[in-house]
2 protein chains.
Amino acid sequence: MADVKHQLLEQFAIVAKALGHAHRLDLLDYLAQGERGVDGLARATGLTVANTSQHLQNLRRAGLITSQKRGLQVIYRLAGEDVVDLLSALRHTTERHVAEVDRIVAGYFNERDSLEPISRAELLERSQAGLVTVLDVRPVEEFQAGHIPGAVNLPLKDLEKHLQDLPKGQEVIAYCRGPYCVLSFEAVAALRDKGYSARRLVDGYPEWRASGLPIEANG
Amino acid sequence: MADVKHQLLEQFAIVAKALGHAHRLDLLDYLAQGERGVDGLARATGLTVANTSQHLQNLRRAGLITSQKRGLQVIYRLAGEDVVDLLSALRHTTERHVAEVDRIVAGYFNERDSLEPISRAELLERSQAGLVTVLDVRPVEEFQAGHIPGAVNLPLKDLEKHLQDLPKGQEVIAYCRGPYCVLSFEAVAALRDKGYSARRLVDGYPEWRASGLPIEANG
DNA sequence: TAAATATTCAAGCGATTACTTGATTGCTAA
DNA sequence: TTAGCAATCAAGTAATCGCTTGAATATTTA
C-alpha cells in the first residue's frame, strides 16, 4: 500500500525523466505543431537521425507520443492534447520560479516584449467580429496541418512580398508555434515598421488548440 | 534566436529532471501538505537524512521549493501553488497514457475504487448546505497546517475509538493527501463496515487548495 | 531480384546521477 | 565555553544516460 504509491511515483518519474532533456522538449515542441517522420524531426532539430530516433523511442516508452508506420516512414505524433497541457505547466512553473529564465528572456526579448500580447479570448472575439486580420507566420506545411479559423498564412520570408494582401486599415494579430517562437515577434516588428498596427497572440497555435478553441485544417 | 529557444528549453529540462525521480516526487507530495524540516521529511519518506538533504537541494536548485532557516532546523516549502498544478498535470498525463498505471492501480484499488469519489464542487455545495460530514484522516500536524473548512480531523488509527463523534444520519466524505493516499480508501471501507454512508473526495487536500477553494488553518 | 531509402539496433565512450559513509558547519542551551 | 543537535559537505562507487559509429531490418522502387 505504501508500496503502491511508490510504484506509481516510479511511473510518474519515468514520464518526468522523459521531459528532462532539452532535445526531447524540442522534439515535443515540433510534434505539437503536427505529426512528423523521424527524418523531418532530425532536420528540424539539427540532430542526427539515429539520435533523434533514440530520443523519440524514449518519449514513446514514456507514453508521451505514439508512432505509426506509413510506407517507408514512421510517423510520430503526440499521445494527446493533455501532453501540451503538461508542457504548458512545465513552462509556466519554470518561468515563475527560475530566475535564469528572466535573464535569458530579458537579454533577447526586452524591447520586443513591450509589444503587449493579446489573449486568446480577445483574439477570438475580435476575429469573429471581423475587426482584425489573423496572421499565421509558420511554414506552409504546419499551417495546413491546422490553424486558427480565418487566419492568413504568410511565412516570415514571404511577408514583405505579400504585404498588399493585408487590409491596411485593420490591426494584424500574428502568431506562430509558441510563446518563444521568434517568428511572430519579428513579424510584428516588420509590420509596425511598414506602418501597420500589429500585435502578437499570447503563446501560439498548440496552446490555442489545447485550450479547446475552434481550429481549421487543410487550408 | 534559435539559440534563445534552446537556452530556455535547457531551463525547462532542469525542472523536469528534478521531477524525474520517485523520491523527489515523494518529497514534493509531503511538502504539498505543508512545510517541513529535513528530518521530518527523511522520516516520512524513509530515506537517510543526507540523501533527503541532497534531493531537497536538487529541488531547490530547480526552483520548485524554497528553504528558510528557523532555529536549528531548515524548513522547506513548495515554491508556489503552481507546483501542485504541475504535479497534477504530470499525474494526469501519466495516468492517461501509461498502461502500467492501470495495471498497478487495478491490482490494489479495484474493489475500493468502485466507491465512486465525489467532486470538489459537489463537496463544497453539500458541505455548505450542512448535508455532509467532512472527514480529514491525515495526521494532526498536517490537518493543523490547513484543511477543508468545517472538516473533522480523525486520523485513521483513532477512527474506531471516536466513531461516536460522527453524526450517524449524515453521509461522511473522507479525504487525505491526494488521489493515491490509501488512508481515505480505508476510512471509507471502515465506515461502511460500521453502517455509515461514506464516500471519498476525489484527489486530496493539496488539489483542493490549488484549485482556489476556501481553506481553514490552525484548527 | 536487386538497389535505394527510412528507421532501428548494438556496442562503446565519457559524463552524470544516486546513494553511502564519515567529517564539518552552524546554532542553541546547559 | 562546551555539549548536543540539525543539516550540509566531500569523496567514492556503481549504475544510468547521451551520443557516435557502423551494421541490420523493413519496405518500396527499378
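Chain naming here is simple, since letters A, B, ... match the order of the sequence lines and numbering starts at 1 in each.
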Problem - Presence of B/Asn51 side-chain N/O under 4.0 Å of C/dA18 phosphate oxygens OP1/OP2 - result: no
Practice task
Specify the residue among A/Arg70 and A/Thr48 whose closest nucleotide of DNA chain D lies further upstream toward the 5′ end.
Solution key: A/Thr48
Exercise for the section: May I ask you to verify if any side-chain N or O of B/Tyr76 is less than 4.0 angstrom from the OP1 or OP2 atom of D/dA6? Expected result: no
Fill in the blank from the handout: Per side chain to side chain contact (heavy atoms under 4.5 Å, CB included), A/Arg24 is matched among A/Thr45, A/Leu56, A/Leu59, A/Asp29 by A/Leu59
Practice task
Mind checking B/Arg24 for me? I need base, sugar-phosphate or nothing, with any heavy atom below 4.0 Å counting as a touch.
Solution key: sugar-phosphate
Problem - Pairing of B/Lys17 and B/Glu10 as salt bridge, 4.0 angstrom limit - result: no
Exercise for the section: Give the ring-plane orientation class for A/His147 versus A/Phe143, where under 30° counts as parallel, over 60° as perpendicular and anything between as tilted. Expected result: parallel
Fill in the blank from the handout: B/Leu25 atom CG is separated from C/dA18 atom P, nearest whole Å, by 12 Å
Exercise for the section: Assign B/Thr52 to base, sugar-phosphate, or nothing according to its heavy-atom contacts below 4.0 angstrom with the strands shown. Expected result: nothing
Handout entry: Nearest-angstrom distance from the residue atom NE2 of B/His21 to P of D/dC17
Key = 11 Å
Problem - Short side-chain donor-acceptor distance under 3.5 Å, B/Ser53 and B/Gln57 - result: yes
Handout entry: Length of the line joining B/Ile14:CD1 and D/dC17:C1', which is rounded to integer Å
Key = 16 Å
Completion exercise
note: B/Ile75, atom CD1; D/dA6, atom P; distance rounded to Å ~ 12 Å
Exercise for the section: Let me know the distance between CG of A/Leu41 and P of C/dA6, rounded to the nearest Å. Expected result: 14 Å
Problem - Position toward the 5' end of DNA chain D (nearest nucleotide), A/Ala50 or A/Leu72 - result: A/Ala50
Fill in the blank from the handout: A/His55 NE2 to D/dG18 C1', in whole Å, measures 6 Å
Exercise for the section: Ignoring backbone atoms, establish whether B/Ser53 has a side-chain N or O less than 4.0 Å from OP1 or OP2 of D/dA7. Expected result: no
Problem - Distance, rounded to the nearest Å, where B/His23 contributes NE2 and D/dA15 contributes P - result: 17 Å
Practice task
Report yes if a side-chain nitrogen or oxygen of B/Gln57 is closer than 4.0 Å to either non-bridging phosphate oxygen (OP1 or OP2) of D/dA7; otherwise report no.
Solution key: no
Exercise for the section: Check whether the side chain of A/Gln54 and the base of D/dT20 form a donor-acceptor pair under 3.5 Å. Expected result: yes
Exercise for the section: Let me know the distance between CG of A/Asp39 and P of D/dT28, rounded to the nearest Å. Expected result: 17 Å
Exercise for the section: Assess A/Lys5 against B/Tyr30: is NZ or CZ under 6.0 Å from the centre of the six-membered ring, and within 45 degrees of the ring's axis? Expected result: yes
